[in-house]
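This report concerns only the one structure given below.
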Amino acid sequence: MSQVFHRSTNIWSKVSIVLGLAFVTFLAWIVVSLSWSGYVTGQSVTVDQPVQFSHAHHVGSMGIDCRYCHTTVEESPFANIPPTKTCMNCHSQIWTSAPILEPVRASFRDNTPLRWTRVHDLPDFVYFNHSIHVAKGVGCVTCHGRVDRMPLMLQENSLQMSWCLNCHRNPDQYIRPRDQVFSMTYERPANDPDFGKRLVTEYKIADVKQLTSCSTCHR
Amino acid sequence: MINPKPATYEPAPLIEPGHTFGSITDKIGGVVLTTKQPLSWIIVVSIGFMIMGMLGMAVTWLLLKGTGIWGVNIPVGWGFAIINFVWWIGIGHAGTLISAILLLLKQGWRTSINRFAEGMTIFAVMCAGLFPLIHTGRPWLAAYWLFPYPNSMSIWPQFRSPLIWDVFAVSTYFTVSLLFWYVGLIPDLATLRDKAKLKPVKVAYGMLALGWRGSARHWQRYEHIYLLLAGLSTPLVLSVHTVVSFDFSIGIIPGWHATIFPPYFVAGAIYAGFAMVLTLAIPLRKVYGMEDFITMRHLENMGKVTLLTGMIVGYGYISEAFFGWYSANKYEGFMILNRMFGPYWYMYWTLIFCNIITPQALWFRKVRTTPMGLFAVAMIVNVGMWLERFVIVVTSLHRDFLPSSWGMYYGTVWDWMTFIGTIGMFVTFFFLFVRFLPMISIFEMRTMAPAAKMKESEGH
Amino acid sequence: MDSSAIRSRLAGAEGRLFWRSLGELSDTPQFREYLHREFPEQASQWNNPKGRREFLKLMSASLALAGVGACVKQPEERIVPYVRQPEEMVPGRPLFFATAIPFGGVAAPVLVESHEGHPTKVEGNPQHPAALGGSDIFAQASILTLYDPDRLQSIRFRSEVRGWGDFFSAMKGQLGAQRPRQGAGLRFLTERLTSASAAEQIATIKQAYPQAKWHVWDPTAKAAGAPSATYDFTKADVVVTLDADFLTGGPAAIRYTRDFAGRRRAAADAEAAEAAEHVMNRLYAIESTPTLTGAKADHRLPLRASEIAAAAQALSGGNGSGTFSNSAAQAFIAAAAKDLQAHRGRSLVVAGDYQPAAVHAIARQMNEALGNVGVTVTYGPSVDINAGDHAASLRELTQAMHSGQVDLLVILGGNPVFTAPADLHFDVALTKVALSVSLSMFPDETAFVTHWNVPEAHPLESWGDARAFDGTVTVMQPLIAPLYDGKTLQEVLAVFIDAQTGKNAHDLVKEFWTRAYAGTVPGWTFTDPTGQPFKSADSFWRHVLHDGWITGTAAAENGGRRAEGGNVATSDAVASTSAQAPAIAPGPSSALPPPSSSGLEIIFRPDPMIWDGRFANNGWLQELPKPFTKITWDPTAWMSANLAKEKGLIDGDLVELRYRGNTAKLPVAVVPGHPEQSVTVFYGYGRQVTGRVGSSADATAREFDVYKLRTSDALHFGTGLEIAKVGRYLLARTQEHHLMEDRHPVRIATVEEYRKDPEVIARFGERPPRTLTMIPDWDYSQHYKWGLSIDLTSCTGCNTCTIACQSENNIPVVGKEQVDNGREMHWIRVDHYYEGTPEDANSIKTHHQPVPCMQCEKAPCELVCPVGATTHSAEGLNDMVYNRCVGTRYCSNNCPYKVRRFNFLLFQDWETPSLEPLRNPDVTVRSRGVMEKCTYCVQRINLARIDAKREDREIRDGEIVPACASACPADAIVFGNLNDPNARVSKLAARERTYGLLEELNTRPRTTYMAELRNPNPELS
Amino acid sequence: MSTTQAVPAGIYGLLAEFEDPRTLVQAAKRTYAAGYRRIDTFSPYPIEAAWEAIGHHDSRLSFIVLAGGLVGLATGAALQWWVHTIAYPLNIAGKPLNSWPMFVPVCFELTILFAALSAVIGMIVLNGLPQPYHPAFNVDRFERASRDRFFLLVESEDPKFDRAHTAEFLRGLNASEVSEVEP
């Protein structure tokens, strides 16, 4: 009998080829989409902190300015995490016995720093400079989101290169007046198309060639 | 479609007399379907496999420690890896040439050698393809950063770099060769399906044969695209080694920056390839008694091609030397003198001996028609072609523009293990192929059988 | 083709003018076999069981490792803020502090960059008269020593860990015993010191213990009786050196280089009009071994060390006649003498530190006769508080030790057990000492045999003070608390002074200088830079700490008062030498040491990199290519080509040196221009007890200790050396080939030629017109256009740029084997070429050329990168993106300058924790498998650009200074914006002597060179 | 001629076996001339005359391959142009953003790749492969179709097909054997 296969194999052979191709495509899709996912980027993932510090409370309700704690943001590449001293300025007066603040008091007492877990963590080969962004009208909210609504701090954006490039390629769509940089609630005028462009010229913001040169961020 | 050229003098026949469709089928198919193999096969494959293991070790150590385990340095940033890459790719070319170009040229004698020549191509390209990847400092990234795909960095490959051209050329070349090879196999797989006795074997070959049944309608489309593939492979094979030569000629290093490279590399590739085909064919026909199909005529023709391409390569060397002098460029001039009389002089002169002096023996019909003679020449040419790449890569780099940065290069034990390892890989794969697939195209051999002759009115 | 024709052309290429250099050894089989050591090396790795197990273990993990390498999540990071943040500190921004790094007791004034409280980079102090912003390799490398994990980490008594309290009480006990005997059994041994506060402490101790003795030993100290002189090269038109290397080897060289090179540059670039007052100075170097000074000289006369005195005599005699035979030498000396005569009051004769007092006397005599004193040279008491005959001082001490008179020996710094002359047998003597104390930064040979070891604080951890070479008082302040509770010299001395019990270095130093300010210390009155007295002690001290030095304390300004200041410390050493102070007139020529007629001469020199051995554990210095030979990690015995031929030696031969009954071994380096019949050996290697870097790899290298040959009666040279080949030794070089091969990477002309016809430089090569390209030019007019200019006329080849770059850019040390394999990582290298015939030492001319990345506008490297990891920035920088690089090395192959460096293996040390604070946080730390190269210090560019943009202004010219440029003592490297016509770099780029390296390749380099101009004496050429 | 198996009512067709290519081709021609259209021949190697005889010629593949090639060309050109001028314009070695001469090699390779793929896939699809099961295999002797025998198949679907009459006709074409093919 020279007939090796059953009738049905005609269908099966064709179907399996199609399925096989589909499966490979699927795998590729998985891998690619994984690299964009919050699992890899840490986007919108909350992390444990030694103290359950709530920006929502301090910024949202109390309306404390960003710079009260993050003092160096305007002059340094690095927006500092406040020293325990800063916390104690108030908390030596109020909530002096709140159990939640014990780590802070302990730190101040035994002079041992708090060990916060980094939320916005760029790779070591990326050199981000807060001071210049603040100086050129990039609002805190633009990258960090509405921290005044974050009971626990989380990473609003992916912080991936493609995300950075959105703004470095067309800053006019993102920047705001300098006096609004630290505002949580600022809205760009909707009806003014070249509002951003005017700011770009006014603030002498570097052109796109410069902003997208590799050494601008990598060195 | 295929007829032997009307012979002017009495050449050895392309197929020894007395063969029928059946005898051809049994002879070639028998090698695959038999249950027991010649001892030599078992020995060769096991040795090859062991050497392949050595490759595995070398590559593992490389991934752990870094490229530094090799001899590469500054100024000689490329060493064995690229030499071997070019060498293997070159070898691959003969397969495609035989199956495609000789097909277009209606060279009947290609029929009995194209199948394993194509196999040789595929395995050679596999060996070659390994090197550009592992020679990088960070292979785990190079493995995919060299391909354009949407990524979170919004960064793409740099298409002006010859290395990217390589990526596309080599991967295309591999794919097309594989397709060509497989398409050629389909009817033979069907034969094996029908000829096999055991059900599992029938099923295995049957699935691969896609249910081929020799229908005239199928044959027509089959022949159509087979010709088209040949037509596509021909410019492809030329382009691949041209692109490989761009790796060097796009560079500005004296000894690399030469317009003659593309043709000279292609010729070199075919040269090396035919040498390798001979190296494989001569033992094969002996071990499997295929003298009837791979006749003296084939060997002689291959000898002639080797001689011709050898002369072209020789011309390449001479013109390199000539332009070194004629260009009146102090860097070019020094480069060629450094090759001849510099620290690597022995490499250069050995190369001249292997690639120019030795093949001259092929002028003599006596040599062309003694398998041993041919085999010896082929072996020497294989070595010579490796040396050629060494001379191009290393002696150009080690003394370039600024005397202060001149240096020397020597391969380390890891370089050698990797190189020899790929030879083991090649041998293993090739002999596995010989075991499980017909090493000679059965259906095309049938067309050579006397019974296939038809009157012009009916046949073609 | 006609091979004879080729041969003839080849012969042409290597004709008389250029000769086959050491690099050509790579053609000889021995050398090839030498380079070809990979196999044994790998095999050994394979054979040792540990290596193999590791291999197999890792092998299993590998593929997984390789697979995931790319797409792993970042590990969690912590942020640890301050509890109470210091006032001036802004996290993320560096601070700079002025301090000093003493070298041989003399202060090298520096500014130190500090990130979040840890120092990362040393720069020269721009205000300080002794530095003017320049620095040297030792100052640059000191930062690595600070973080060296091998430093002595605790106080030890007989190698048991003890506390400072224990030491204190132990000493007090000893003193109790000594007091009745007036300290008869008490001995101090220090190196050269210039610290006034320490001087006062010692004086105090000597008052309390009149019988106590204070000795001094520094193996590199100048010859006994040599006067202390400071030179002003800005005023000298003609300089003649008698075996003097004033351009290297110590803090003085920083300022001397600046002055000497400054003169040459000014003259080279003088417009025709002002050419008259910008005469290029002319340097005649008579030297006993090739030095960078000699390499810079317009005329160089190699003589055996013992002949120098005769040469000096002949020179003062006004002609080459008399005692002197050699004809070439006669012509040379005659011409030099004539030139000196012609430049009375504008000339200078410099005698070498290692030449005997007599030569110095003759030199001084000549300077006085020529009226140079007070103009180009100032003689005065040494800035050392313990100047004098070191050998005598040490001999006296060892005699006392041998005869068992020493109960307590306090060794403050230095490593006498290793460095003492062989004939004194210091190590044996030490065993006869009842109790010995050593203050040292490392567990070295001395610490190994002394009872008490006190870890010495690194200068960057110390309060202290020292004088600059010119006498300027320079105060040291710590950048960081002592890492290993190290103590300073003052703190240890304080232990012996009841009044100072419990005072720390800061108290001691501040207290002393405020008293000096108040005038209670004789000899000091201070005024602020404007010449006004300070308002208060506080404002005085703030000024001192801010500037790091005290104005008006230099020799020239108040030599007299300084003399008194120096005399505060009256020590035996000083007393003993003050007799043969420079005042003595030079004796008749008969009194001169006779030129040793026969026998091989041996010349002792400190190693140019690890000095007297103290930097043996400093990887940066170990891997820094030594001048001329470009050898790293090993010492060599230098000799002329003729001597080598005569003895049948080639480079890399291991020879045994027999001298005065002692033996040592050294590998041979044939150095063209070395005087005949003499061999230069470098002491400092062959350390027995030191850290992981310095500890000699193999037994052979431990025999490289040439201190074993050195005797106290002839410290610097002598005759009677015998050498015999005993084998081969692998030398790791960064440059194999020292010929220009007719390619003129360095373009050379004389001032006359250049002034007559400025095009002479351009004619060395062809400069393609900017239109010579099919490709439209990229437009840089809208941005800054960075460029770098390197002046070969000023460059002395001192290597400071290389090591400054290494420090600034986190460049790893790769080790000898890797260097030998051409894998050194220096981003800026100093190339070195010879001209002349090796057989004729007089004919040798030497050229140096620093080579960083050229930042080509049409960069060949960029074109071939498959992943776009190297691209051009808007400002025309050739960016290298490490994190994108996959390491094909194609860019390096295609770089005509070969300035790219590749991490072939994991060269960075990720393990050692103490090295982390060393790294510059503004520069990515590169890992395995990526390419790297000079970036023009883009981190500094970006910082400046950001600051400027925040202030909405343009970057000022000179606001950005790359590490190499700021470190360069010769000010040979200038960086700036080529789009700004007024920028210094643009002006230099416009000069006719500016050219691009390999510009015929049309790579459009942004780094340009200014041709080397020399000023030879027409009579001699 | 004894082996015409007894098969159930519906059969797929009749299969005639021939010894050598010549007879096959003549037979095929005559069958075609006799007005049969749903016929096919099977041979162990390609015989141009055979498919001419049964009036089959399909040239669609030429156009498929051409189309494939052009798509590849376009893809290569578009991709490279987009990457270097739109996606991330960077100054590489001072070359123009759209340095098209350097894009040629990749365009070329992609042309070949796409063309080759479309050729093979086209052939497989048009031939209705993979089709492991075919009624013809139900005839035992058919396994020699891939060895040394030549077959002519007339399908029962053919309007002129008549089980007895057609079989007779085929035997008349000196077929060594005629068998009925199970569906």
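Each chain gets a letter, A, B and so on, in the order its sequence line appears, and its residues count up from 1. Keep in mind that what you see is a predicted model, and the values were worked out from it rather than measured.
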Discussion item. Please evaluate residues B/Phe159 and D/Leu79 with respect to the criterion side chain to side chain contact (heavy atoms under 4.5 Å, CB included), reporting the C-alpha separation (whole Å), side-chain torsions for both, the decisive distance (0.1 Å), and the verdict.
Written reply: CA-CA 10 Å; B/Phe159 285 104; D/Leu79 174 73; 3.7 Å; yes
Worksheet, complete the sentence: One should read off an interatomic distance between D/Gln131 CD and B/Arg213 CZ, to the nearest 0.5 angstrom, of 4.5 Å
Item to complete: Check for a donor-acceptor pair, side chain of B/Trp165 on one end and backbone N or O of D/Glu109 on the other, with a separation under 3.5 Å.
Response: no
Practice prompt. For atom CE of B/Met207, decide whether the heavy atoms of other residues, nucleotides or ligands shown that lie under 6.0 angstrom number more than 12.
Written response: no
Worksheet, complete the sentence: If one checks every heavy atom of D/Pro44 against chain B at 4.5 Å, the contacting part turns out to be both
Worksheet item: Between B/Pro148 and chain D, which part of the residue has a heavy atom less than 4.5 Å away: side chain, backbone, both or neither?
Response: side chain
Worksheet entry | Approximate separation, where rounding is to 0.5 Å, of B/Leu232 CG and D/Phe114 CZ | 13.5 Å
Practice prompt. Against chain D, label B/Leu229 side chain, backbone, both or neither, depending on which of its atoms sit under 4.5 Å from a heavy atom there.
Written response: side chain
Worksheet, complete the sentence: In terms of heavy-atom contacts, D/Pro21 and B/Ala451 come closest through CG-O, 3.8 Å
Fill in: Over all atoms of both residues, closest heavy-atom pair of D/Pro105 and B/Val243
CB-CG2, 4.4 Å
Worksheet item: Given a strict heavy-atom distance threshold of 4.5 Å, which part of D/Trp81 is in contact with chain B: side chain, backbone, both, or neither?
Response: neither
Discussion item. Please report the interatomic distance OG1(B/Thr20) to CG(D/Asp20), rounded to the nearest 0.5 Å.
Written reply: 13.0 Å
Discussion item. Could you check whether any side-chain N or O of B/Thr191 sits under 3.5 Å from a backbone N or O of D/Ser146, counting only pairs where one atom can act as donor and the other as acceptor?
Written reply: yes
Worksheet item: Within a strict 4.5 Å, meaning less than it, do heavy atoms of the D/His84 and B/Gln158 side chains meet?
Response: yes
Item to complete: Give, for atom CZ of B/Phe168 and atom CG of D/Leu110, the distance between the pair rounded to the nearest 0.5 Å.
Response: 5.5 Å
Discussion item. Taking side chain as everything from C-beta outward and backbone as N, CA, C, O, which of these in D/Ala115 sits under 4.5 Å from a heavy atom of chain B? Side chain, backbone, both or neither.
Written reply: both
Fill in: Choice from D/Gly76, D/Ser62, D/Ala136, D/Gly128 maximising heavy atom contacts with chain B below 4.5 Å
D/Ser62
Practice prompt. Carefully, step by step, assess D/Trp51 and B/His218 under the rule side chain to side chain contact (heavy atoms under 4.5 Å, CB included).
Written response: CA-CA 9 Å; D/Trp51 61 73; B/His218 292 180; over 6 Å; no
Practice prompt. Inspect the contact between B/Asp194 and D/Arg144 and indicate whether a charged nitrogen and a carboxylate oxygen are less than 4.0 angstrom apart.
Written response: no
Worksheet entry | Per-residue contact mode, D/Val120 against chain B (heavy atom under 4.5 angstrom) | both
Response to the item:
Applying a strict 4.5 Å limit to non-hydrogen atoms, the region of D/Ile64 in contact with chain B is neither
Worksheet item: Within a radius of less than 6.0 Å around CZ of D/Phe63, do more than 12 heavy atoms belonging to other residues, nucleotides or ligands occur?
Response: no
Discussion item. For a quick test of reading the model, state the closest non-hydrogen atom pair linking D/Tyr88 to B/Ser154 and the distance between them.
Written reply: CD1-O, 3.4 Å
Worksheet item: Taking non-hydrogen atoms and a cut-off under 4.5 angstrom, which of residues 148-158 of chain D neighbour chain B?
Response: D/Asp148, D/Phe150
Worksheet item: Do the two ring centres, one from B/Phe21 and one from D/Tyr45, sit under 6.0 Å apart?
Response: yes
Worksheet item: Looking at D/Thr111, D/Asp58, D/Leu129, D/Ile92, which has the largest count of heavy-atom pairs under 4.5 Å with chain B?
Response: D/Asp58
Worksheet entry | Donor-acceptor pair between B/Arg160 and D/Ser99 side chains, under 3.5 angstrom | yes
Worksheet item: Is it the side chain or the backbone of B/Pro157 that comes within 4.5 Å of chain D heavy atoms, both, or neither?
Response: backbone
Worksheet item: Counting heavy-atom pairs under 4.5 Å to chain D, which of B/Thr175, B/Val176, B/Asp26, B/Val240 comes out on top?
Response: B/Asp26
Response to the item:
For D/Ile112 and B/Pro235 the tightest heavy-atom approach is CD1-CG, 4.2 Å
Practice prompt. Please assess B/Trp156 against D/Trp82 for the test side chain to side chain contact (heavy atoms under 4.5 Å, CB included), listing each intermediate value before the final yes or no.
Written response: CA-CA 10 Å; B/Trp156 298 85; D/Trp82 177 78; 3.4 Å; yes
Fill in: Portion of D/Ile39 that has a non-hydrogen atom of chain B nearer than 4.5 angstrom
backbone
Worksheet item: When you look at B/Arg217 and D/Leu126, which way does the side chain to side chain contact (heavy atoms under 4.5 Å, CB included) test go after all the steps?
Response: CA-CA 10 Å; B/Arg217 291 188 166 74; D/Leu126 291 182; over 6 Å; no
Response to the item:
Counting heavy-atom pairs under 4.5 angstrom with chain D, the leader among B/Ala449, B/Ser239, B/Gly231 is B/Ser239
Practice prompt. Enter the distance from B/Leu228:CG to D/Met123:CE here, rounded to the nearest 0.5 Å.
Written response: 11.0 Å
Response to the item:
Of all heavy-atom pairs linking D/Leu61 and B/Arg221, the shortest is CD1-CB, 3.7 Å
Worksheet item: For the side chain to side chain donor-acceptor pair (under 3.5 Å) test, which of D/Thr41, D/Asp40, D/Asn127 pairs with B/Ser215?
Response: D/Asp40
Item to complete: Look only at the side chain of D/His56 and the backbone of B/Gln220, and say whether a donor-acceptor pair between them is shorter than 3.5 Å.
Response: no
